[in-house]
Structures are given as structure tokens and as C-alpha cells.
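Report on one structure; see the data block that follows.
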Amino acid sequence: MKLPKSIKKLTDNIWEIPESYKAGMNVPVRIYASEKLITEMDEGVFGQISNVAALPGITGPAYCMPDGHWGYGFPIGGVAAFDPETGVISPGGIGFDINCGMRLIRTILTVDEVRSRIRDLVDKLFKRIPAGVGTTGFVVISRDEFREVVESGAQWCVKNGYGVEEDIDLTEEKGCVAGADASKVSASAIERGYRQIGTLGSGNHYLEIQVAKPVNIYDPKLAKTFGIDIPNQVCIMLHCGSRGFGHQVATDYLHTFLSVMGKKYDITTPDRELACAPFRSQEGQDYFAAMKCAINMSYVNRQVILHRVREVFSDVFHRDPADLGLHMIYDIAHNTAMLEKHIIDGTEREVLVHRKGATRAFGPGSTSLPAVYRNSGQPVIIGGSMETGSYLLAGLGSGEQTLFTTAHGSGRTMSRRQAKKLHNGKQLQHDLEERGIYIRTASYSALAEEVGEAYKNIDDVVAVTENTGISKRVVRFVPIGNIKG
DNA sequence: ATGTAC
């Protein structure tokens with residue numbers, strides 16, 4: 001829309017809003033976008049990311065990724081690091097859906113083997129993986145066991161038969177961030193969460209059957225390292241988060257922060273949606289520990305869904321999951337705040353990095369990566385709309401410029417309401433089936449909201465990340481089946 | 001995103 005007058009074009013794909021743009025800004029803003037993408041961004045993005053630059057203790061530019069759009073407090077695609085001693089933690093910088101993230105699973109099946117059974121496969125996945133608002137899962141545990149689950153993360157899944165060690169190794173943070181403390185989580189969050197393990201959710205959450213066509217392999221060597229080396233290989237990509245549990249944790253602490261921010265800590269923010277607390281305060285540390293529970297819940301959620309995927313594939317293809325090569329490629333969050341070491345003003349420091357609708361993308365050599373990917377860079381999973389395709393990228397050393405962060409998806413360009421006005425869910429399902437994408441959905445109106453037209457072009461988004469060196473293309477996937485919340 | 005709002 002309307003670009004701020006003072007915005008400066010640093011390169012074809014990097015734009016800067018100077019500190020002078022708005023009173024109170026402590027640092028400049030850097031937006032990663034092509035001319036086309038930045039003019040497509042809603043005006044709110046510039047104001048929102050400039051507000052982030054005004055938060056106390058921010059250690060460098062506030063960043064916005066090319067898929068950025070308007071969100072609660074921070075824009076989606078917003079990235080900001082804070083000094084742990086002088087800075088803040090803000091739920092609006094993480095998102096209500098804490099550890100909303102992506103998981104990518106490979107198979108040794110080809111598109112021909114899968115297409116002939118796609119209806120059966122998608123129908124069974126739809127039946128076995130609860131989707132939609134308010135659904136509960138098949139994992140029956142007590143509230144107290146749930147408290148243990150959110151502290152121990154994906155390892156709980158392996159102990160209880162929902163996965164194998166290899167899955168854990170291929171999950172970011174090995175499926176468990178240290179320091180999760182369930183005593184910092186409210187009873188209502190536990191109540192909402194304890195029956196939601198293994199459920200997909202609603203909105204833009206989905207599970208998709210995809211194909212890696214030979215023409216869409218951009219880096220065969222990296223693709224092979226990530227396990228994509230069969231022509232027209234079928235993969236499964238899923239997008240979901242911490243459900244009502246994470247939502248409640250975010251809501252609880254937003255309220256807490258609003259009540260103490262000004263009165264107790266004398267912090268003012270340009271927008272009350274940026275409610276925050278000093279990271280080192282009791283309230284800040286409590287939220288950090290509770291948020292980590294939601295991060296772990298989400299890793300567990302996606303792990304249990306993987307278990308279900310293995311069961312369904314095994315059932316449909318009458319083969320053992322191991323014979324179908326159902327291995328994880330990676331699992332990565334895009335809504336978190338993490339303490340990480342980065343080079344800030346020339347020296348290595350520990351900072352609290354908020355990523356909201358933005359994906360961590362460590363480069364080759366990072367000790368955070370599993371041994372199998374250590375030399376290749378971190379797999380980055382980018383979900384596109386159900387019509388246009390998705391990407392597997394890899395992190396690069398030059399990602400340091402954005403605290404090793406890249407995009408997370410397409411990013412909306414059209415409001416949900418507008419999408420529903422222009423499209424009918426049932427018709428869309430029919431049209432997509434004619435184009436070779438078989439979809440089951442929990443809600444036809446939710447399906448209409450996710451129409452491809454409502455999203456930015458994923459190829460444009462990925463091109464910016466590659467042109468700026470914050471990640472590189474490895475494989476592009478196209479969908480043939482989808483279950484939607 | 002969300003038992004889609006106090």
C-alpha cells in the first residue's frame with residue numbers, strides 16, 4: 001500500500017525505516033521484500049514493526065520477513081532480539097499460537113503409487129487426525145500427566161510408543177526446550193490442553209500430501225541430504241501448533257503483563273498489544289517458563305500426528321511404516337522466543353530472539369543442527385497455500401544478517417472475510433479436485449478463507465530469502481491431497 | 001490462532 005516516505009531502499013530486497021520515522025524508536029527497521037511484496041504489504045505492518053523498534057532493550061534492527069502482514073502487536077513475519085538484562089519479553093512477539101510450526105515427512109512412494117489411492121488415504125487421515133475448532137484427540141491422559149508431557153516434550157512420545165529416537169533427533173531443540181515449568185501454567189490452560197494432543201486445529205492449519213517433481217529440485221545435493229532423491233517422491237507436510245493450550249498461556253500472560261507493565265515496571269509501549277515485561281522480572285521469567293511448556297506441547301502434538309500418519313499409510317498401503325520410508329525430514333517452529341547467541345555490534349552475546357511467523361534458519365556448521373545436517377545447513381519448511389505449493393529451504397551462513405531467520409509461509413494478502421465473500425468452500429473443493437488436489441475439511445467456510453488467491457505468491461517470498469542470502473531453495477512441493485481444519 | 005468477546 002502506502003510506503004512510509006522516509007523508507008530507504010538499501011538493496012532490491014532490503015528496505016530500511018530509520019529511527020526518525022516515529023518517536024521512541026530505539027533502532028531502525030529492516031524489511032526484507034521485493035518492490036512488489038512491499039507494496040502488497042498492508043500499511044499496518046510498517047507502523048507495527050516500527051512500534052517493535054521502540055520496545056526497551058532491543059539490540060538491533062527490528063526485522064520483517066517478506067511474508068509479513070498485520071498481526072496482534074507485532075506483525076506476522078516480525079523478528080526482534082532483546083538484551084536479557086535490559087530488554088523485555090512480549091507475548092505479541094511470539095503469537096497466540098505458541099510454537100505454531102511445520103513438520104515435513106518423506107516417503108519412498110512416488111506420485112503414481114499414491115495418486116491411485118489418494119481418496120482413501122486422505123479420507124482415512126481426515127478420520128484419524130481430528131481437525132477443526134475445539135476438537136480433542138485420542139491420547140487419554142490425566143491433567144497431571146499432561147503437566148509432565150509439557151515439561152518433557154517429544155521424549156514422552158517415544159516412551160509412550162508415539163515415535164522413535166530418530167524423530168526426536170530430527171526435531172528442532174530435540175522436541176524439548178529446557179526450563180519448561182508447568183507450575184507457571186494456569187489451571188485453565190491445562191484444562192484446555194490436556195485432551196488436545198494429536199489434533200490439527202483450524203484456520204491455516206493443515207496436513208498435506210505433496211510431490212517433489214524433478215523439475216522442482218533446485219539443489220539436488222542438499223535435497224539428497226534431506227532425503228529427497230526419488231523422482232516424483234511423495235512427502236507429507238503438516239502445519240499446526242499448541243492449540244487452545246498455547247492460546248490460553250498467551251492470553252493469561254498478556255493480562256498479567258498489562259497489569260504490571262506501567263504500574264510496576266514503568267514501561268510504556270506505543271500499542272497496548274505490545275504488552276511486555278522485563279525479561280528478568282518474575283512475571284517475565286514465569287511467562288518464559290510457561291511459554292516453553294506450550295513450545296513442548298506443540299512438538300508433542302506434531303509428533304503424535306506423525307504417529308497417526310504412519311498408521312494410516314501402513315493401513316492404506318498394507319506395508320510396515322518402515323517399508324514405506326516414513327522418515328522425518330525436520331520439524332521447525334515459527335512462533336517462539338528463544339535465548340540464542342548472536343553477533344551483536346561485533347561481539348557474541350546472548351539475546352532473546354522473538355520470531356513471530358518467522359523461521360529460524362541456522363547455517364552450515366551450527367552445533368544446534370542434527371549431525372546428518374551439520375554440514376548442509378538447517379532444513380527450513382515453508383508452507384504455501386494449498387493451491388500454489390510449498391518449499392524446503394536450507395539455512396546459510398549469511399543468514400547471520402537476520403539473526404539466522406527467514407520467512408515462514410506465504411502470508412495473507414486478503415482478509416478472511418474478503419476471501420469468504422469471494423469464494424465458496426464447496427465449490428473450491430470441487431475445483432481443486434478437478435486440478436488433482438483432493439481435500440477434506442472440517443469447515444467449508446474455513447476452507448474458503450484459505451483460497452490460494454488470499455495469499456502472496458510463495459515463489460516471490462522464497463526468491464527474496466534467496467536473493468538476500470537468508471536461506472536457499474532446495475525443493476518445491478506441489479499438493480495432491482490435503483486435510484484442513 | 002482460539003471452547004473465534006470481558
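Residue numbers start from 1 in every chain, and the chains themselves are labelled A, B, ... in the order their sequence lines are given, proteins ahead of strands. The structure displayed is predicted, hence computed values, not measured ones.
Per the geometry, NE2 belonging to A/His247 stands 8 Å off C1' belonging to B/dT4, to the nearest Å. At whole-Å resolution of the value, CD1 in A/Ile94 and C1' in B/dT2 are 17 Å apart. In this structure, the CD atom of A/Gln248 is 13 Å from the P atom of B/dT2, given to the nearest Å. Atoms CZ (A/Phe96) and C1' (B/dT2) sit 9 Å apart, rounded to a whole Å. Per the geometry, CD belonging to A/Glu450 stands 18 Å off P belonging to B/dT4, to the nearest Å. Atom CD of A/Glu449 and atom C1' of B/dT4 are 10 Å apart (whole Å). Atoms CZ (A/Arg417) and P (B/dT4) sit 18 Å apart, rounded to a whole Å. For the pair A/Leu254 CG and B/dC6 C1', the computed distance is 14 Å after rounding to whole Å.
A side chain to side chain donor-acceptor pair (under 3.5 Å) check over residues 53-78 of chain A, counting only residues at least two apart or in different chains, returns the pairs A/Asp67-A/His408. For residues 134-149 of chain A, the pairs satisfying side chain to side chain donor-acceptor pair (under 3.5 Å) are A/Thr135-A/Arg243, A/Arg143-A/Glu191, A/Arg143-A/Tyr194, A/Asp144-A/Arg147, A/Glu145-A/Trp156, with sequence neighbours left out.
Relative ring orientation between A/Tyr287 and A/Tyr253 is described as tilted, the plane-to-plane angle lying within the 30° to 60° band.
Counting non-hydrogen atoms under 4.0 angstrom, A/Gly244 reaches the backbone sugars and phosphates but no base.
A heavy-atom distance below 4.0 Å to DNA chain B is reached by these residues of residues 195-203 of chain A, ordered by number: A/Gln196, A/Gly201, A/Ser202, A/Gly203.
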In residues 255-264 of chain A, what donor-acceptor pairs under 3.5 Å come from side-chain atoms, sequence neighbours left out?
{"residue": "A/His255", "atom": "ND1", "partner": "A/Thr251", "partner atom": "O", "Å": "3.4"}
{"residue": "A/Thr256", "atom": "OG1", "partner": "A/Asp252", "partner atom": "O", "Å": "3.1"}
{"residue": "A/Ser259", "atom": "OG", "partner": "A/Thr256", "partner atom": "O", "Å": "2.8"}
{"residue": "A/Lys264", "atom": "NZ", "partner": "A/Glu283", "partner atom": "OE2", "Å": "2.7"}

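Residues passing the side-chain hydrogen bond (donor to acceptor under 3.5 Å, both in side chains) test with A/Gln378, sequence neighbours excluded: none. The side-chain hydrogen bond (donor to acceptor under 3.5 Å, both in side chains) search around A/Asn482 returns A/Glu208, not counting sequence neighbours.
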